[in-house]
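Worksheet: one structure, shown below.
Heavy-atom basis, side chains included; hydrogens, waters and symmetry copies ignored.
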Amino acid sequence: GLSFTSVANARLNLQTEAASLSFDKAKQEAADQWEEYLGRIRVETPNRQDKVKFYTGLYHVLLGRGLASDVNGAYPRNDGSVGQIPLLKGKPKHNFYNTDAAWGAQWNLAQVWALAYPEYYSDYISSHLLVYKDTGWLADGIACSRFVSGVGTNLLSAILSGAYQCGIRDFDVNLAYEASLKNELDGVDRPLGAGKVDTDLFVKYGYVPHQDKGDGPDEAFMFSASHTLEYAYSAWTVAQWAGQLGKTDDYAKLMDLSKGWERIYDDSLNFVRPRKANGAFVDDFDPMQVWRGFQEGNAWQYTFYVPHDVKGLARLMGGQKKFIDKLQMVFDKGYYDPANEPDIAYPYLFSYFKGEEWRTQKTVRELLAKYFTPKPDGIPGNDDAGTMSAWAVFSMMGFYPDCPGVPEYTLTDPTFDRITIRLNPEFYGKDKLIIEKKENGSPEGYIQKIELGGKKTGYRINHNDLVKGGTLTFYK
């Protein structure tokens with residue numbers, strides 16, 4: 001028996017879950033459980049390698065968070081004591097998990113959960129809300145309720161807002177909103193492990209001022225531009241939530257902060273560029289330079305990190321053509337980094353502009369073939385709790401959540417002939433979504449038409465429309 005709280009609970013866990021369990025029965029139950037989870041998404045294709053690639057990715061998506069509560073609802077609290085999850089009919093109302101830091105998970109990992117595992121998504125949020133109630137702060141990642149921020153940011157509020165946008169609301173919504181708002185606006189006495197230690201500067205200036213040298217860890221001063229972009233996006237996601245809840249003052253404040261990216265955009269160079277507290281851009285700026293203002297990346301890999309205002313970014317760049325040309329250059333010159341999260345959604349940004357959707361299809365197809373293979377080194381970098389794999393899972397299904405703060409997907413060419421996603425009727429009122437591809441002999445091999453529920457649709461689709469649509473059909 002195992003427990004994070006006590007020897008007695010370790011024994012209780014063993015007696016409750018495995019008192020009469022033989023090795024063979026345990027093996028079969030594990031196989032059955034994996035079949036149930038992986039089987040929620042069924043793909044059909046004669047290409048076995050594509051199946052291996054897809055289900056390996058889905059397997060990775062479902063790993064990374066370890067159960068840390070006991071069968072009686074006991075869980076480890078941040079201060080080292082033992083907490084109690086409320087019970088319902090003698091069982092814990094939800095589980096409590098150890099979780100990796102969520103840098104990048106807001107892009108796609110949580111959206112896989114929203115689509116096929118909404119009950120798990122709800123548990124994940126409730127886990128973090130326990131830590132918030134115990135400490136007063138959202139944790140980026142948690143291990144025995146202790147803060148384990150991996151990179152010094154905290155995009156958990158985008159994940160919480162994303163659940164609400166998708167209709168997953170069976171957690172304490174008021175507490176979740178309170179926690180998310182604090183995560184966006186409060187920088188006073190913020191513990192280092194909760195990330196975003198420069199929040200007070202972001203709120204004061206509307207961007208994070210750059211320092212080449214400073215006190216404390218690197219995350220406190222070195223990554224001004226990337227933090228500005230991340231915080232602006234995160235503020236925007238919570239602003240959408242605030243608007244739906246009728247919290248007009250919060251909405252106005254957050255929407256102003258969501259424009260932080262504009263305040264560090266240098267239109268003379270068409271790059272985001274670190275900016276000092278006095279308003280001057282940093283000297284000796286090199287868009288290829290890593291780490292100076294940009295965490296694990298450079299200006300090429302971060303400039304398009306404005307998922308909530310792609311059209312606004314294009315406008316500042318001088319229009320659609322200049323935007324498309326510069327974005328295409330990211331791929332043509334090898335600046336795109338498939339092994340990291342800041343630019344992970346970039347292939348899908350082409351499709352924001354009518355007539356350019358083919359670039360998304362072509363680029364995604366090439367990236368899947370080059371960087372994702374059924375081999376031991378078959379992903380391009382650190383999977384970050386399944387984020388890399390979630391990119392492949394979505395891309396192979398033919399849609400991707402490039403701006404999860406609004407529950408929409410950008411569509412692309414699916415790898416498979418047919419996909420059946422088993423939905424949870426308790427959340428969506430439907431039990432399945434079918435995605436199918438029909439080949440009409442298109443000479444270019446690109447999508448010619450898309451239908452949802454028999455009606456023509458465009459290249460962006462709302463999550464709630466998708467799960468209610470029944471069948472999504474791609475004609476090529």
Quiz item: Given side chains that start at C-beta, do those of L115 and I421 come closer than 4.5 Å, heavy atoms only?
Solution: yes
Quiz item: When rounded to the nearest 0.5 angstrom, what distance separates OH in Y75 from OH in Y97?
Solution: 15.5 Å
Quiz prompt | Full working for side-chain contact (heavy atoms from CB on, under 4.5 Å) between D198 and F221 | solution = CA-CA 7 Å; D198 46 8; F221 66 90; over 6 Å; no
Practice problem: Might you work through the side-chain contact (heavy atoms from CB on, under 4.5 Å) test for F147 and W137, ending with a clear yes or no? | Solution: CA-CA 10 Å; F147 299 134; W137 297 94; 4.2 Å; yes
Practice problem: State, yes or no, whether a side-chain contact exists between V406 and Q165 at a heavy-atom distance under 4.5 Å. | Solution: no
Quiz item: Does the pair E341 and M388 meet the rule for a side-chain contact (heavy atoms from CB on, under 4.5 Å), with working shown?
Solution: CA-CA 8 Å; E341 281 79 16; M388 283 287 120; 3.7 Å; yes
Quiz item: Which class fits the ring pair Y409 and F399: parallel under 30°, tilted 30 to 60°, perpendicular over 60°?
Solution: perpendicular
Exercise. Please name the pair of heavy atoms, one in A232 and one in G260, separated by the smallest distance, quoted to 0.1 Å.
Key: CB-N, 4.1 Å
Quiz item: Under 3.5 Å, is there a donor-acceptor pair between the Y348 and S395 side chains?
Solution: yes
Quiz item: Just checking, is any N or O donor in the side chain of N108 or Y400 under 3.5 Å from an acceptor N or O on the other one?
Solution: yes
Quiz item: Hey, what's the ring geometry for Y265 with W261, parallel, tilted or perpendicular (30° and 60° as the breaks)?
Solution: perpendicular
Self-check item: Centroid separation Y336 to W300 less than 6.0 Å
Solution: no
Exercise. Flag the pair K455 and E451 as a salt bridge only when some basic side-chain nitrogen lies within less than 4.0 angstrom of an acidic carboxylate oxygen.
Key: no
Quiz prompt | R292 to H210 - nearest heavy-atom pair and separation | solution = CG-NE2, 4.0 Å
Self-check item: Basic-acidic side-chain contact under 4.0 Å: R263, D256
Solution: yes
Quiz item: Does some side-chain heavy atom of E262 sit less than 4.5 Å from a side-chain heavy atom of D309?
Solution: yes
Quiz item: Are S234 and S157 close enough that a side-chain donor and a side-chain acceptor fall under 3.5 Å?
Solution: yes
Exercise. Take the angle between the ring planes of F350 and F331 and call it parallel below 30°, perpendicular above 60°, tilted in between.
Key: tilted
Quiz item: Can you say whether the rings of Y177 and W241 are parallel (under 30°), tilted (30 to 60°) or perpendicular (over 60°)?
Solution: perpendicular
Self-check item: Interatomic spacing from CG in L472 to CD1 in I419 - rounded to 0.5 Å
Solution: 9.0 Å
Quiz item: Quick one: do the Q106 and Q111 side chains pair a donor with an acceptor below 3.5 Å?
Solution: no
Practice problem: State, to 0.1 Å, how close Q301 and Y346 come at their nearest heavy-atom pair, and which atoms those are. | Solution: O-OH, 2.7 Å
Quiz item: What class does the angle between the rings of Y446 and W358 fall in, given that below 30° is parallel, 30 to 60° is tilted and above 60° is perpendicular?
Solution: tilted
Exercise. Test side-chain contact (heavy atoms from CB on, under 4.5 Å) on N298 and Q289 and set out the steps.
Key: CA-CA 6 Å; N298 58 35; Q289 184 177 359; 5.7 Å; no
Quiz item: Rounded to the nearest 0.5 Å, how far does OG1 of T153 lie from CD of Q295?
Solution: 6.5 Å
Quiz prompt | Cationic N near anionic O, under 4.0 Å, K476 to D413 | solution = yes
Self-check item: Close side-chain approach of D266 to V272, heavy-atom, < 4.5 Å
Solution: no
Exercise. Answer with yes or no after comparing the ring centroid distance for Y117 and Y37 against a 6.0 Å cut-off, counting only values under it.
Key: yes
Quiz item: Can a donor-acceptor pair be found between the side chains of Y120 and H94 at a distance below 3.5 Å?
Solution: no
Practice problem: Could you check whether the rings of F202 and Y231 sit parallel, tilted or perpendicular, using 30° and 60° as the cut-offs? | Solution: perpendicular
Quiz prompt | Short N-O contact, R359 and E357, less than 4.0 angstrom | solution = no
Quiz item: Do the side chains of E408 and I461 get nearer than 4.5 Å, heavy atoms only?
Solution: no
Practice problem: Output yes when R190 and D186 qualify as a salt bridge under the 4.0 Å nitrogen-oxygen rule, no when they do not. | Solution: no
Practice problem: Could you tell me which non-hydrogen atom of T363 sits nearest to which non-hydrogen atom of P347, and how far apart they are? | Solution: CG2-CB, 4.0 Å
Quiz item: Can we call the ring centroids of H128 and Y132 under 6.0 Å apart?
Solution: no
Quiz item: So do P274 and F285 actually touch side chain to side chain, heavy atoms under 4.5 Å?
Solution: yes
Quiz item: Distance only, no hydrogens: is a donor on one side chain within 3.5 Å (strictly under) of an acceptor on the other, for D383 and S389?
Solution: yes
Exercise. Measure the acute angle between the ring planes of F223 and H227, then classify it against the limits of 30° and 60° as parallel, tilted or perpendicular.
Key: perpendicular
Quiz item: Within a strict 4.5 Å, meaning less than it, do heavy atoms of the Y305 and D343 side chains meet?
Solution: no
Quiz item: Does a salt bridge link E184 with K253, judged by any charged N lying under 4.0 Å from a carboxylate O?
Solution: no
Self-check item: F54 and F416 aromatic centres sub-6.0 Å
Solution: yes
Quiz item: Does a side-chain heavy-atom distance below 4.5 Å link D337 with N340?
Solution: yes
Practice problem: Could you tell me whether D402 and R460 make a salt bridge, using a distance below 4.0 angstrom between a side-chain N and a carboxylate O? | Solution: yes
Practice problem: Quick one: sort the F372 and W391 rings into parallel, tilted or perpendicular, breaks at 30° and 60°. | Solution: parallel
Quiz item: If you look at every heavy atom in V290 and E296, which pair is closest and at what distance?
Solution: CG1-C, 4.3 Å
Quiz item: If we ignore angles and hydrogens, is there a donor and acceptor under 3.5 Å between the side chains of H463 and D465?
Solution: no
